[in-house]
There are 2 protein chains.
Amino acid sequence: MSSRILLIEDDRNLGDQIVTHLKRDGFEVTWIQDGHEALDAEPKQHDLVVLDLMLPGAHGLDILKIYRETAETPVLVLSARNETSTKVRALALGADDYVTKPFWPEELLARIQARLRRPLLHAADVIETGALRIDLSARVVENAGQKVELTRIEFDLLATLAQRIGSAVTRQALVDRVLDPDREGTGRTLDVHFSRVRKKLGSEGARIATVWGVGYRLLPPDEKKSGS
Amino acid sequence: MSSRILLIEDDRNLGDQIVTHLKRDGFEVTWIQDGHEALDAEPKQHDLVVLDLMLPGAHGLDILKIYRETAETPVLVLSARNETSTKVRALALGADDYVTKPFWPEELLARIQARLRRPLLHAADVIETGALRIDLSARVVENAGQKVELTRIEFDLLATLAQRIGSAVTRQALVDRVLDPDREGTGRTLDVHFSRVRKKLGSEGARIATVWGVGYRLLPPDEKKSGS
DNA sequence: AATCTCCTTAAGTAAGGCTTAAGGTTGCAG
DNA sequence: CTGCAACCTTAAGCCTTACTTAAGGAGATT
């Protein structure tokens, strides 16, 4: 999914140039050219804001302040001013970066990507599928809102399947990943663990399908078990 | 807990100046003046790296690359070179910011703080959860309005869990962050500290849940311990 | 130097859960 | 249909991990 950038820049030429570069790199860009409009914009619905400080209608720092109160979206500030005090103020107000004009579009792009790279690391730690809710960072599983107590290995097995939902995962891969990697995939240990997971998950346990001679697979919510 | 900065800068004067400013603002600074040494340093044990590109012994970009493979610690690059291509390369390699020399220390400081702000954005200076109130800057904990006397390590452990409330934190991560980072995570020291924290917190101590075989986790106020 | 704080280690105990074994069941091939 | 191999399930033993208490010792304070 492409990232959505909110660009606030009154200069026609510069704005046009930025939009062109961003779109060429696969970003979706919303371009606002006026300060008042910027106050009504929705930073929450974008992944990053590029904000020029010198605008007609409203000052960039005021916009920054308001955005910070309503959203966590990273803000990259553009400005022609190169004074340290201005930079410090913008950064203290919550800006994530400060780029001085003039700049090459390549640098802006690189800085945007550096900003976007970070949040992805900490995002999407919860997998929801059907009645199951798997919180990877808390290591907690809920089935239809009911907490399910899983052991370390049981959780890791379920999480591994859930992360590749729909596709088969080989026994050996599961053994390597969850149990001791230096172990032969021969024993019945894996079966025992899955047996318990299925039981603990109740009716949802049926979604853990055995792929005969291969391994296991977590069925998507809509897929029924015995295909006729 | 004050943030730990790893500074890699060969210039004596500049380095000294930076260290002074950082310490004045309450950072703990490790200063390395040689490229080879930097390769053996432990970025994982710091909260942010300030990396000069022009070093004797090894090139900054190589150091950056290696750091990126082993740790997620943000890296802020310093350089005298102002070419866009260098900036783009550094940022593409995983740098989080790029500051061109010469610069005022205030700007560097502001940029460092902007970088550090992100991961802790959810965690304000004071964390309130259930009956607990944890003041990170004053290093004071209150339980239902009553002050709780915690030692340094006890506080740091609780604070670390609180900053990631609900998430499981591994033993190793806690040892790295709070105890000596060069220690194996095998000993029982951690258990002893948590035992004491739980006792000092009284009934709220039950919110520190053990994640068997993984680590510990601070339960959100609404989450009961053993789900039915 | 005596004392205090607090970090660490050790040891005993408790709990938790991984694994193996064994017997039953299911799916596949001939 | 029959045999075989893969898989399921249960139960029990044992090893790992965690909790607690007590004591030693380092560093700071008086």
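Chain naming here is simple, since letters A, B, ... match the order of the sequence lines and numbering starts at 1 in each.
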**Asked** Within the structure, does a side-chain N or O atom of B:S195 lie under 4.0 Å from either OP1 or OP2 of D:dA18?
**Response** no
**Prompt:** Quick check: does any side chain N or O of A:D156 sit under 3.5 Å from a backbone N or O of A:V178, one acting as donor and the other as acceptor?
**Reply:** no
**Complete:** Taken to the nearest whole Å, CD/B:Q172 to P/D:dA18 is 12 Å
**Request:** Specify the separation, in whole Å, of atom CG of B:D191 and atom C1' of D:dT21.
**Result:** 13 Å
**Message:** To the closest 0.5 Å, what do you measure between CG (A:D176) and CD (A:Q172)?
**Reply:** 4.5 Å
**Asked** In whole Å, what is the span from the CZ atom of A:R188 to the P atom of D:dA6?
**Response** 8 Å
**Message:** If we ignore hydrogens and angles and just use 3.5 Å, is the side chain of B:Y216 paired with the main-chain N or O of B:L158 as donor and acceptor?
**Reply:** no
**Prompt:** Given atom CG of B:L174 and atom P of D:dA18, what is their separation to the nearest angstrom?
**Reply:** 12 Å
**Request:** Apply salt bridge (charged side-chain N to carboxylate O under 4.0 Å, His left out) to A:D97 and list each qualifying residue two or more places apart in sequence or on a separate chain.
**Result:** A:R111, A:R115, B:R111
**Asked** Bend angle of the helix from C:dA1-D:dT30 to C:dG30-D:dC1 from five-pair axes at both ends, rounded to 10°?
**Response** 40°
**Message:** Is it the case that atom CZ in B:R164 sees more than 12 heavy atoms from other parts of the structure closer than 6.0 Å?
**Reply:** yes
**Asked** Under a criterion of less than 4.0 angstrom to any heavy atom of chain B, what are the 5'-terminal and 3'-terminal contacting nucleotides of DNA chain C?
**Response** C:dC6 to C:dG17
**Prompt:** Roughly, in whole Å, what's the span from CD1 in B:I208 to P in D:dT20?
**Reply:** 11 Å
**Request:** Using heavy atoms to find the nearest nucleotide of DNA chain C for A:W212 and A:I153 separately, return the residue whose nucleotide is more 5′.
**Result:** A:I153
**Request:** Would you tell me if any nitrogen or oxygen in the side chain of B:Y216 comes within less than 4.0 Å of OP1 or OP2 on D:dC19?
**Result:** yes
**Prompt:** Touch check for B:T189, heavy atoms < 4.0 angstrom, all strands: base, sugar-phosphate only, or nothing?
**Reply:** base
**Prompt:** Is B:K200 salt-bridged to B:E149, going by a charged N under 4.0 Å from an acidic O?
**Reply:** no
**Fill in**
Assign each of A:R196 and B:H193 the nucleotide of DNA chain D bearing its closest heavy atom; nearer the 5' end lies the nucleotide of A:R196
**Message:** side chain to side chain contact (heavy atoms under 4.5 Å, CB included) for A:K147 and A:V141? Distances and angles first, verdict last.
**Reply:** CA-CA 6 Å; A:K147 190 166 166 185; A:V141 172; over 6 Å; no
**Message:** Base, sugar-phosphate or nothing for B:R152? Non-hydrogen atoms, less than 4.0 Å.
**Reply:** sugar-phosphate
**Message:** Check this one for me: any side-chain N or O of A:R198 less than 4.0 Å away from OP1 or OP2 of D:dC8?
**Reply:** yes
**Item:** Distance (rounded to the nearest 0.5 Å) between B:I127 CD1 and B:D135 CG
**Value:** 9.5 Å
**Prompt:** Any side-chain N or O of A:K199 less than 4.0 Å from the OP1 or OP2 oxygen of D:dC8?
**Reply:** no
**Request:** Could you tell me the separation between the NZ atom of B:K44 and the CG atom of B:L6, rounded to the nearest 0.5 Å?
**Result:** 14.5 Å
